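In this text the structure is predicted, and so the values were computed from the model without any measurement.
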Amino acid sequence: GQKKWMSVVTSAIQQGNSVVIENVGETIDAVLDPVLSRAVLKKGKGLFLKMGGEDVEYDTNFKLFLQVRNLLTRAAVGMCAAGPPLRPRT
C-alpha cells in the first residue's frame with residue numbers, strides 16, 4: 001500500500017539510494033511534489049525535504065527515475081522541463 005511505498009522512498013532519500021517508479025500516468029502522486037520541485041532546505045549542516053508533513057534528511061546521492069507510459073503526457077513534458085539537478089535552498 002501507500003505506507004510501504006512512502007517508506008521505501010523516504011528511506012532512499014535518507015540513504016542516498018535510487019528509486020525507479022514505472023508506468024507513471026497523467027498525474028503524479030502529490031507526495032512527490034517536494035522531490036520534483038526540488039524543495040531541499042538547509043537546516044544547520046543538514047539538507048531536508050518536507051515529505052508528508054515530516055522533515056526527511058536528504059542525501060545528495062539520492063536519485064529518482066520516473067518511467068512514463070507515454071512521452072507526450074503532461075506529466076512527462078512537465079518533468080522534462082523541470083530544470084537543473086537539485087540545489088539546496090539556503
Considering all heavy atoms, the nearest P34-K50 contact: CG-O, 3.0 Å
Y58 OH to K43 NZ distance, which is reported to the nearest 0.5 Å: 16.0 Å
Single-linkage hydrophobic cluster, 4.5 Å side-chain cutoff, L36 and V31 together: yes
CD1-CZ distance between I13 and F48, expressed to the nearest 0.5 angstrom: 12.5 Å
Interatomic distance, D33 atom CG to R38 atom CZ [nearest 0.5 angstrom]: 12.5 Å
D59 and Q15, any side-chain heavy atoms less than 4.5 Å apart: no
Candidate pair I21 and L32, rule side-chain contact (heavy atoms from CB on, under 4.5 Å), full reasoning: CA-CA 11 Å; I21 300 176; L32 290 176; 3.7 Å; yes
Spatial distance of atom CD (Q67) from atom CD (E22) [nearest 0.5 Å]: 5.0 Å
With sequence neighbours excluded, residues passing side chain to side chain contact (heavy atoms under 4.5 Å, CB included) with E54: none
Interatomic spacing from CG in L41 to CG in L49 - rounded to 0.5 Å: 7.5 Å
Rounded distance [0.5 Å steps], CG in L47 versus NZ in K42: 7.0 Å
W5-L64 co-clustered via ILVMFWY side chain contacts under 4.5 Å: yes
